[in-house]
Amino acid sequence: MNRNQYVCDMAQHKSLRPYEKCSQYGARALTDAELLAVILRTGTRGCSAIELSEQVLRSADGNGALNSLADIEYNDLMKLKGIGNVKALQIQCISELSRRIAKQTAYERLDFSNPEAIARYYMEDMRYLDKEHLILSMLDNKCRLIKDTVISIGTVNASLVTPRELFIEALKSQAVSIVILHNHPSGDSSPSRQDIEVTLKIKKAGELIGIYLVDHIIIGDNTYTSLKQERYL
């Protein structure tokens with residue numbers, strides 16, 4: 001291919017509308033805004049589908065980051081010019097679909113002896129929560145997940161989270177071991193003094209009744225801390 005042909009092809013590539021570009025070059029050739037524009041299909045008067053998509057992406061955190069799309073609430077989407085009920089629902093559904101795909105992919109590689117695998121499985125569910133959620137994951141004798149449940153919502157501390165609540169659930173499910181997880185809405189996964197105190201309290205209680213605490217994992221914004229890896233367990 002000569003240079004003139006290359007320049008011509010690049011100009012054509014840039015001038016294509018998102019739907020046409022996707023059809024000709026595939027979805028991977030599209031920018032984040034173009035991908036969203038294909039979903040939204042139309043813009044509004046004086047605002048193309050791409051411009052509208054860029055506006056939606058910027059509205060979450062000001063930087064247009066794709067992973068911030070899941071942060072936007074329905075009511076906030078409806079406040080954007082050009083976004084009505086249908087488009088708001090489309091955006092929320094594509095965010096939820098992406099979250100479920102990520103979780104399913106992580107589940108297929110889930111190994112509860114591997115802190116990274118555990119964190120990856122729960123990351124998309126927990127990283128965007130605006131309050132601390134404590135999740136109890138209950139495991140069988142082969143370290144496979146039996147079930148998980150939210151134990152508390154709010155600050156994770158000794159006054160709000162007691163071993164009794166955790167182990168009543170674990171005994172009901174005939175769990176042999178457990179993993180506990182909670183998120184830090186700040187995005188920083190570093191453990192607090194209270195996090196460590198609660199972990200040690202649960203560990204000791206589990207030893208008394210024969211249910212082993214495998215790990216306590218703190219979820220931040222695309223980061224995690226394993227208290228086992230940090231040698232608190």
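Heavy atoms only: backbone and side chains are in, while hydrogens, waters and symmetry mates are out.
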Listing, residues 142-151 side-chain donor-acceptor contacts under 3.5 Å, not counting sequence neighbours, or none:
unit_1: R144; atom_1: NE; unit_2: D140; atom_2: OD2; d: 3.0
unit_1: R144; atom_1: NH2; unit_2: D140; atom_2: OD2; d: 3.2
unit_1: D148; atom_1: OD2; unit_2: Y122; atom_2: OH; d: 2.8

Checklist line | Within-4.5 Å side-chain heavy-atom neighbours: K21 and E34 | finding: yes
Note to self: Can you tell me how far apart CG (L97) and CD (Q92) are? Round to the nearest 0.5 Å.
What the structure shows: 13.5 Å
Notebook entry, point to check: Are any of the side-chain heavy atoms of I72 and V56 separated by less than 4.5 Å?
Noted result: yes
Note to self: Can you tell me how far apart OG1 (T44) and CG (L80) are? Round to the nearest 0.5 Å.
What the structure shows: 11.5 Å
Notebook entry, point to check: Strictly by modelled atom types, are D188 and S186 linked by a side-chain donor-acceptor pair under 3.5 Å?
Noted result: no
Item checked: Side chains of N183 and Y128, donor plus acceptor under 3.5 Å -> no
Note to self: Show the nearest heavy-atom pair for residues S53 and L36, with the distance to one decimal.
What the structure shows: OG-C, 3.5 Å
Checklist line | Over 12 non-hydrogen atoms of neighbours within 6.0 angstrom of CD in Q174 | finding: no
Check: Is L213 close to I180 at the side-chain level, that is, under 4.5 Å between some pair of heavy atoms?
Finding: yes
Next item on the list: Measure the spacing between NZ of K228 and NZ of K203 and express it to the nearest 0.5 Å.
Entry: 11.5 Å
Next item on the list: Please round to the nearest 0.5 Å and tell me the distance separating atom CG of L181 and atom CG of L227.
Entry: 11.0 Å
Notebook entry, point to check: How many angstroms lie between CD in E197 and CD1 in I202, if you round to the nearest 0.5 Å?
Noted result: 12.0 Å
Note to self: Are the side chains of F112 and V179 in contact, using a 4.5 Å heavy-atom criterion?
What the structure shows: yes
Item checked: For the student: nearest non-hydrogen atoms of A205 and F167, plus distance -> CB-CE1, 3.7 Å
Note to self: Test of understanding: clusters of I, L, V, M, F, W, Y form through side-chain heavy atoms closer than 4.5 Å, transitively. Do I94 and I101 belong to the same one?
What the structure shows: yes
Notebook entry, point to check: Are I209 and V198 connected in a single hydrophobic cluster, I mean Ile/Leu/Val/Met/Phe/Trp/Tyr linked by side-chain heavy atoms less than 4.5 Å apart?
Noted result: yes
Margin query: Is there a salt bridge (Lys or Arg N to Asp or Glu O under 4.0 Å) between E20 and R17? Walk through the geometry before answering.
Written below: CA-CA 5 Å; E20 296 167 339; R17 289 180 297 180; 3.0 Å; yes
Check: How about S59 and K79: does a side-chain donor come under 3.5 Å of a side-chain acceptor?
Finding: no
Margin query: Hydrophobic clusters here meaning ILVMFWY residues chained together by side-chain heavy-atom distances under 4.5 Å, can you tell me if L40 and L57 are in one?
Written below: yes
Margin query: Hydrophobic cluster membership, with links at side-chain heavy-atom distances under 4.5 Å among I/L/V/M/F/W/Y: are V214 and M126 in one?
Written below: yes
Next item on the list: Show your reasoning for whether side chain to side chain contact (heavy atoms under 4.5 Å, CB included) applies to E169 and M138.
Entry: CA-CA 8 Å; E169 289 294 330; M138 292 159 279; 4.2 Å; yes
Margin query: Assess the residue pair E96 and R100 against the criterion (salt bridge (Lys or Arg N to Asp or Glu O under 4.0 Å)); give the C-alpha distance rounded to whole Å, side-chain angles, the decisive distance to 0.1 Å, and a yes or no.
Written below: CA-CA 6 Å; E96 177 62 16; R100 293 188 189 188; 2.7 Å; yes
Next item on the list: Can you spot which of D195, T225, T199 makes a side chain to side chain donor-acceptor pair (under 3.5 Å) with H216?
Entry: T199
Note to self: Could you go through T42 and K87, starting from their C-alpha distance and side-chain angles, then the distance that decides it, and tell me whether this counts as side chain to side chain contact (heavy atoms under 4.5 Å, CB included)?
What the structure shows: CA-CA 9 Å; T42 60; K87 283 184 169 59; 3.0 Å; yes
Notebook entry, point to check: For P191 and H184, which heavy atoms make the closest approach, and how far apart are they?
Noted result: CA-CE1, 4.5 Å
Checklist line | Heavy-atom side-chain contact between L139 and I178 under 4.5 Å | finding: no
Check: Between I211 and A170, what is the shortest heavy-atom contact and its length?
Finding: CD1-CB, 3.9 Å
Notebook entry, point to check: With a 4.5 Å heavy-atom cut-off, do Y74 and I91 have their side chains touching?
Noted result: no
Item checked: pair K131-L129: side-chain heavy atoms closer than 4.5 Å -> no
Item checked: Y224-Y232 co-clustered via ILVMFWY side chain contacts under 4.5 Å -> no
Note to self: How close do M123 and T223 get, counting heavy atoms only, and between which atoms?
What the structure shows: CE-O, 3.5 Å
Next item on the list: To the nearest 0.5 Å, tell me how far S226 OG sits from L233 CG.
Entry: 7.5 Å
Next item on the list: Identify the heavy atoms of R41 and A49 that sit nearest to each other, and give their distance.
Entry: O-CB, 4.0 Å
Notebook entry, point to check: Do E132 and P185 have side chains that get closer than 4.5 Å, going by heavy atoms?
Noted result: yes
